[in-house]
Amino acid sequence: MRTYTEAAPQHVGETIEVKGWVQTRRDHGGLIFIDIRDHTGILQLVIHPETEAAFHLAEQVRDEYVIKAVGKVAERDEHLRNPNIATGGVELHLETLDVLNKSDVPPIQINSDQNLSEELRLKYRYIDLRRPKMQQMLQKRAQYYSWMRTYLEEREFTEVTTPILANSSPEGARDFLIPSRIHQGKFYALPQAPQQFKQLLMVGGIHRYYQLAACFRDEDPRADRLYGEFYQLDLEMSFVEDGEEVRSMMDPLIKDLSVSFAHKTLLSEDIPRIPYQEAMDRFGSDKPDLRFGMELVDLSDTLQDTEFGVFKSVLAGGGKVKAICVKGASSLSRSQIDKFTDIAKSEGAGGLAYITYEAGEAKSPIAKFFTPEQLAAIRTTMGAEDGDVVFFGSDKRETVNKVLGRLRNEFATHFNLKDPNVIALAWIVDFPFYEWDDKANKLDFGHNPFSMPKGGAEALESDDKLSILADQYDMVMNGYEICSGGVRNHNPEIMYKVFGVLGYDQAYVDSRFGAMINAFKFGAPPHAGCAFGVDRMFMVFMDEENIREIVAFPKNGSGVDVMMNSPTIVEPAQLKELGVKL
RNA sequence: GGGCUCGUAGUGAAGCGGUUAUCACGCCUCCCUGUCACGGAGGAGAUCGCCGGUUCGAUCCCGGUCGGGCCCGCCA
């Protein structure tokens, strides 16, 4: 009878057959033990010299050989049990042994707790995947997908797959282009997201749509961003005019995944909705980690009359002086503070002023520039106690927020304020529709040109284009953006206007988004939706800080698949067929 | 495109202007009948990423280059 190793204890006294890999072999000369591993776990095989053929073969077996073992399951004597493995109470006394395949000495040791370089693990991913951790990860991921599918299907969402060979998107990330053989000189592009298709599904009368969609973007990767391809839980709902309908639809799923699937604790049952500007002002980020406080405090009024030159000139120029209070930071060494100063500078700060509170005193090179009243006011406003350090930022509003937001995050990491067992969720809402592009020195879309401006066509007439808000929302989980969505603009007239603000005429819009605009002329229902970055969310659930850890076959940081050796040079014949001149 | 950082046996680490380049795991041979990351004895295995410079002498210092990682830019 064929069985899995984990089931062995249920078959004491029976003869069973197990197949798997050799985890380790312990040869005692006159007695050999082999730990056999399959996808369920490990089982100890005992090979006695009396079973001559099996014993002889067992002497030659090496790690990672693939074997088939037949024998009788026996209870182990009390003193021979191994509490460290699930099947440690039994063992299999071999009758026959077959080697189904040999293995070279593996380049990475999978049964060791030695650090392994990621490079090597990716090159030999098929061996790396045999490790229990990776096995569990892939199992868990499948459950995760299934969990989401079940939730959506119970709520009238229909799964529809959309084309992978699609069109180049003129805005946004770089495309992966696919040359057309039939139409030489023309190209498909892999979709950056199924955005236009899902909106067309709404026009097509699909009530609610979802898809675990592959998305492709040719942008440089990060620890939380895969190169090339990633998956979104993409969804859209028709006849929705208020984004709150989408958000409240998704809240229970994400909370349930956090608690029941990932076994974590929610920071709060209620998921706050935080306007973009408020998030920037309080946390210095549009993806704030809410597991800790350390909020940015505006001291501009408190220090209105300061004689401290740096602050004085910033305030006179309409900028802001803000600060964060870092609990217990007086323990930081000079060189540690220098490191944080470098970080502040890398975000555009001129320096990093701070006040240390110790033994009731405010110690700081800049303390002498403040009146006792100002010093007292700073301390009270910041809630600083002995042992704390208040770090200042002074610049124009956006820069101060960015600098202190980054520091808030770095300090939280340094002082271990990010509890991995807690999930803090928030929706960031009311993103600015337009942003000022400093480099190009012109107005540009803040986020997504397809979302509805809040207030509709009328709002677009505003003189202050930067004050126009988009009906758009991101979900944030522990400092990661895990979802982005919006109420879509389904009205061709408003669509033309949205682009018109940036100086694009109707012909331009038609040439870029003709299919979608045209569709909107034939009775497009109002609709709204969103897309979750399922890889990134899963990474948080699995306590990983590198997104490649939760993907079976990721590309490395240079966009290379070091196992398959892609990208690669192709045969001239293939290029010729595509019309490429050699 | 830019910044920081790493590169030493198969693997993970240590080291240092002059060493026989150290340790652990793994590997090979032999011994071993109750181990479980078995144990014991012995052994093989490294042009110290690559190129150039400084020096009497470079794995070590300097410059460049290649490769990995993290970050900025970028990611509608």
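Letters go in sequence order (proteins before strands), and every chain restarts at 1.
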>> Can you tell me whether the side chain of A/Q109 and the base of B/rG10 have a donor-acceptor pair closer than 3.5 Å?
In response: yes

Is [N] paired to anything, Watson-Crick or G-U wobble with both distances less than 3.5 Å, and if yes, which nucleotide?
N      : answer
B/rC60 : none
B/rA44 : none
B/rU65 : B/rG49
B/rU19 : none
B/rA24 : B/rU11
B/rC70 : B/rG3
B/rU55 : none
B/rC36 : none

Once you round it to whole Å, what is the distance between [atom2] of [N] and [atom1] of [X]?
X      : N      : atom1 : atom2 : answer
A/L92  : B/rC36 : CG    : P     : 20 Å
A/N82  : B/rC36 : CG    : P     : 9 Å
A/L116 : B/rG26 : CG    : P     : 14 Å
A/D342 : B/rG3  : CG    : P     : 15 Å
A/I32  : B/rC36 : CD1   : P     : 16 Å
A/R222 : B/rG3  : CZ    : P     : 15 Å
A/I34  : B/rU35 : CD1   : P     : 18 Å
A/I110 : B/rG12 : CD1   : C1'   : 16 Å

Output yes when at least one side-chain N/O atom of [X] is less than 4.0 Å from OP1 or OP2 of [N], else no.
X      : N      : answer
A/S117 : B/rG12 : yes
A/T24  : B/rC38 : yes
A/R26  : B/rC38 : yes

Which pairs, protein N/O on one side and nucleotides 29-34 of chain B N/O on the other, fall under 3.5 Å?
{"residue": "B/rC32", "atom": "N3", "partner": "A/D27", "partner atom": "O", "Å": "3.0"}
{"residue": "B/rC32", "atom": "N3", "partner": "A/G29", "partner atom": "N", "Å": "3.4"}
{"residue": "B/rC32", "atom": "N4", "partner": "A/D27", "partner atom": "O", "Å": "3.3"}
{"residue": "B/rU33", "atom": "OP2", "partner": "A/H28", "partner atom": "O", "Å": "3.3"}
{"residue": "B/rU33", "atom": "OP2", "partner": "A/G30", "partner atom": "N", "Å": "2.8"}
{"residue": "B/rG34", "atom": "N1", "partner": "A/E91", "partner atom": "OE2", "Å": "2.9"}
{"residue": "B/rG34", "atom": "N2", "partner": "A/E91", "partner atom": "OE1", "Å": "2.4"}
{"residue": "B/rG34", "atom": "N2", "partner": "A/E91", "partner atom": "OE2", "Å": "3.0"}

[N] to [M] separation - [atom1] atoms, rounded to the nearest Å:
N      : M      : atom1 : value
B/rC66 : B/rC50 : C1'   : 7 Å
B/rG49 : B/rA9  : P     : 8 Å
B/rG15 : B/rC70 : P     : 24 Å
B/rG10 : B/rA46 : C1'   : 11 Å
B/rA41 : B/rG7  : C1'   : 36 Å
B/rU8  : B/rA13 : C1'   : 10 Å
B/rG18 : B/rG57 : C1'   : 7 Å
B/rA21 : B/rA58 : C1'   : 13 Å

Side chains of [X] and [Y]: is there a donor and an acceptor less than 3.5 Å apart?
X      : Y      : answer
A/Y227 : A/D218 : yes
A/H527 : A/H490 : no
A/H56  : A/Q60  : yes

Next on the checklist: Can a donor-acceptor pair be found, under 3.5 Å and without considering hydrogens, that links the side chain of A/Q192 to the backbone of A/A173?
Outcome noted: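 Checking the backbone N and O of A/A173 against the side chain of A/Q192, a donor-acceptor pair under 3.5 Å is found.
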
Notebook entry, point to check: Does any N or O in the side chain of A/D38 come within less than 3.5 Å of the main-chain N or O of A/G41, such that one atom is a donor and the other an acceptor?
Noted result: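 At least one qualifying donor-acceptor pair exists.
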
Please write out each protein N/O paired with an N/O of nucleotides 5-9 of chain B under 3.5 Å, distance rounded to 0.1 Å.
none

Salt-bridge test for [X] and [Y]: reply yes if a basic N is under 4.0 Å from a carboxylate O, no otherwise.
X      : Y      : value
A/D342 : A/K339 : no
A/D474 : A/K287 : no
A/R406 : A/E410 : yes
A/R225 : A/D220 : no

Earlier contact from the 5' end, RNA chain B, for A/N84 and A/G446
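The residue closer to the strand's 5' end, by nearest nucleotide, is A/N84.
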
Do you know which two heavy atoms are closest between A/Y434 and A/K465, and how far apart they sit?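 Distance-wise, the nearest heavy atoms are CD1-O, 3.7 Å.
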
When every non-hydrogen atom of A/N556 is compared with those of A/P221, the smallest separation belongs to O-CG, 4.5 Å

Give one of base, sugar-phosphate or nothing for [X], where a contact means two heavy atoms less than 4.0 Å apart.
X      : result
A/N448 : sugar-phosphate
A/L120 : sugar-phosphate
A/Q195 : base

For RNA chain B, the residues among [range] that have a non-hydrogen atom under 4.0 Å from it:
range                       : answer
residues 402-418 of chain A : none
residues 544-568 of chain A : A/N546, A/R548, A/N556, A/G557, A/S558
residues 476-487 of chain A : none

In terms of relative ring orientation, are A/Y126 and A/Y124 parallel, tilted or perpendicular, with 30° and 60° separating the classes?
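Judged by the thresholds at 30° and 60°, the geometry between A/Y126 and A/Y124 is perpendicular.
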
message: Once you measure the plane-to-plane angle for A/F532 and A/W427, does it fall in the parallel (<30°), tilted (30-60°) or perpendicular (>60°) bin?
response: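 It falls in the perpendicular class, over 60°.
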
Between A/D27 and A/E59, is there a side-chain heavy-atom distance shorter than 4.5 Å?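 Yes, at least one pair of side-chain atoms sits under 4.5 Å.
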
The single option from A/Q472, A/Q199, A/E236 that satisfies side-chain hydrogen bond (donor to acceptor under 3.5 Å, both in side chains) with A/R488 is A/E236

Using the benzene-type ring in the case of Trp, are the ring centres of A/F391 and A/F340 under 6.0 Å apart?
->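 No - the distance between ring centres of A/F391 and A/F340 does not fall below the 6.0 Å cut-off.
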
Please tell me whether A/F450 and A/F513 form a close aromatic pair, meaning their ring centres lie under 6.0 Å apart. yes

Original post:
What do you reckon, is NZ of A/K72 surrounded by more than 12 foreign heavy atoms closer than 6.0 Å?
Top reply: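 Count not over threshold, so no.
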
Protein N or O to nucleotides 45-50 of chain B N or O, pairs below 3.5 Å:
none

(Q) For A/E64 and A/R37: C-alpha separation, side-chain torsions, deciding distance, then whether salt bridge (Lys or Arg N to Asp or Glu O under 4.0 Å) applies. (A) CA-CA 9 Å; A/E64 297 308 311; A/R37 182 191 71 240; 2.9 Å; yes

A/R225 has its side chain closest, among B/rG67, B/rC36, B/rC74, to B/rC74

